[in-house]
Amino acid sequence: MSEGTFKVGTRGSQLAMTQTGYAADAVGAAAGMTPELITVRTEGDVLTGPLSQMGGTGVFATALRARLLDRDVDLAVHSLKDLPTAAVPGLVIAALPEREDPRDALCARDGLTLDELPQGAAVGTGSPRRVAQLRALRPDLKIVDIRGNVGTRLNRVAPGDLDAVVLAASGLKRLGLEGRVTEYMDPERMLPAPGQGALALEVSSELAEDSPLARGLAAVDDLPTRLAVSAERAVLARLEAGCAAPVGTYGRMVDGDLHLDVVVANPDGTEVMRRSEATDELSVEAAKALGVRIADELLADGADRLARLTL
């Protein structure tokens, strides 16, 4: 980090570059500094095949974190759902900007919704969580495992080989592709991944608290987002489920209270456990306790058997 400039590590995809640019510009404006984006190639960008067989979504974060630890970059911007729940010694998530829409989005041919898709329609997703919930809602669907960037996935829809794909609404909105969405999935029907829609701004734990960069990060940190995702990720950690496990969560503020919904399902969607609770204690520790409490209730009912099926 030089006087007035800070280096920001990012993956090279269009979505990663877009959301990193947004976050870096916000931090820079608050800090009175200029960001310099450094593209980092991660293992997840190189390997092919199902994400769950590559070690989970942590494959997208390891290279960025290594560059942080080596002091090659001053800040790394991650999609929070890509981060394992375990902390990395020497690093800290210094800011969580206001969360974008956390819902899943259906992008289907002919403007169809999930309920309107024909019997046996082919729907693409690379997420075991989405697969489980889709199968619970529509057991007749043909689920096709897909990977690739947002554009690649969208191009699989007719006149491609799929009737629809399911993607994160946040990514589509950040890329200006809301027009491709035919249905935003109501969390009452399909819960998103823990941390979906949130960005994690990670730095060295040795960053001086009185530095311009630290002040810029503090300025963009959003407490409602931090509370919601802290509760969501506490569920995942307590279940000891990987990021690719069929676990969905949705934390949000309602009338001054933090509400959390959680679903755990088996891959074929034939067994689904769902719980909802709230707390009026608005601290990170209380948010984590809420997540742990719900996870313990689910574990008592056998949720670990479902959640670990894909690990």
Side-chain angles (χ1 to χ4, degrees), residues 43-44 47-61 79-86 102-107 114 117 121-150 152-153 156 162-171 185-187 189-198 229 232-250 261-275 291 294-295 298-299 301-311:
E43 190 175 10
L47 298 176
T48 59
L51 197 58
S52 59
Q53 296 178 16
M54 299 191 311
T57 46
V59 295
F60 293 123
S79 290
L80 182 59
K81 71 175 183 178
D82 288 349
L83 292 185
T85 55
R103 294 175 296 178
D104 289 310
L106 183 79
C107 301
L114 182 64
L117 287 172
V123 179
T125 176
S127 162
R129 171 191 60 81
R130 290 175 180 145
V131 170
Q133 293 184 90
L134 283 170
R135 286 177 171 161
L137 293 168
R138 288 285 307 270
D140 62 290
L141 295 177
K142 176 185 177 183
I143 307 297
V144 179
D145 184 75
I146 60 172
R147 283 201 65 209
N149 60 37
V150 172
T152 298
R153 297 185 191 203
R156 295 283 299 273
L162 300 176
D163 295 291
V165 294
V166 181
L167 301 169
S170 56
M185 301 305 301
D186 189 330
R189 304 187 74 196
M190 180 178 288
L191 287 180
Q196 184 162 298
V229 301
E232 293 174 3
R233 285 167 61 80
V235 172
L236 205 61
R238 188 67 163 186
L239 292 177
E240 297 182 354
C243 299
V247 177
T249 61
Y250 181 39
D261 298 332
V262 180
V263 67
V264 180
N266 64 351
D268 63 11
T270 56
E271 292 186 69
V272 178
M273 297 180 182
R274 183 162 179 151
R275 297 288 186 279
I294 294 180
L298 288 163
L299 286 170
D301 290 338
D304 55 336
R305 175 178 55 84
L306 301 184
R308 290 175 180 169
L309 285 175
T310 60
L311 301 186

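Computed over heavy atoms, backbone and side chain alike; hydrogens, waters and symmetry mates excluded.
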Inset, instruction - Sequence neighbours left out, what passes side chain to side chain contact (heavy atoms under 4.5 Å, CB included) with R135? Give chain and number order. - result: V131, I143
Legend entry - Euclidean distance, T85 OG1 relative to L239 CG, rounded to 0.5 Å: 10.0 Å
Legend entry - From D104 atom CG to Q133 atom CD, the distance as rounded to the nearest 0.5 Å: 7.5 Å
Legend entry - Set of residues satisfying side chain to side chain donor-acceptor pair (under 3.5 Å) with respect to S170, sequence neighbours excluded: none
Legend entry - For D186, all residues meeting salt bridge (Lys or Arg N to Asp or Glu O under 4.0 Å), sequence neighbours excluded: none
Inset, instruction - Using the test side chain to side chain donor-acceptor pair (under 3.5 Å), find all partners of D163 that sit at least two apart in sequence or belong to another chain. - result: R109
Inset, instruction - Taking side chain to side chain contact (heavy atoms under 4.5 Å, CB included) as the test, write out the residues that go with V272, two or more places apart. - result: A136, V263, A265
Legend entry - Partner set under side chain to side chain contact (heavy atoms under 4.5 Å, CB included) for R153, not counting sequence neighbours: I146, L167
Inset, instruction - Any chance you could measure Q196, atom CD, to Y250, atom OH, to the nearest 0.5 Å? - result: 11.5 Å
Inset, instruction - Using the test side chain to side chain contact (heavy atoms under 4.5 Å, CB included), find all partners of T270 that sit at least two apart in sequence or belong to another chain. - result: N266, D268
Legend entry - Under 3.5 Å: donor-acceptor pair, side chain of S79, backbone of K81: no
Inset, instruction - Hey, could you give me the OG/CG distance between S127 and L134, rounded to the nearest 0.5 Å? - result: 8.5 Å
Inset, instruction - Would you please test R274 and L191 for side-chain contact (heavy atoms from CB on, under 4.5 Å) and show each step? - result: CA-CA 10 Å; R274 183 162 179 151; L191 287 180; 3.6 Å; yes
Legend entry - Gap between atom OG1 of T249 and atom CD1 of I294 - 0.5 Å precision: 9.5 Å
Inset, instruction - Apply side chain to side chain donor-acceptor pair (under 3.5 Å) to R189 and list each qualifying residue two or more places apart in sequence or on a separate chain. - result: D115
Inset, instruction - Please test E232 against V229 for side-chain contact (heavy atoms from CB on, under 4.5 Å), starting from the C-alpha separation and ending with a verdict. - result: CA-CA 5 Å; E232 293 174 3; V229 301; 4.1 Å; yes
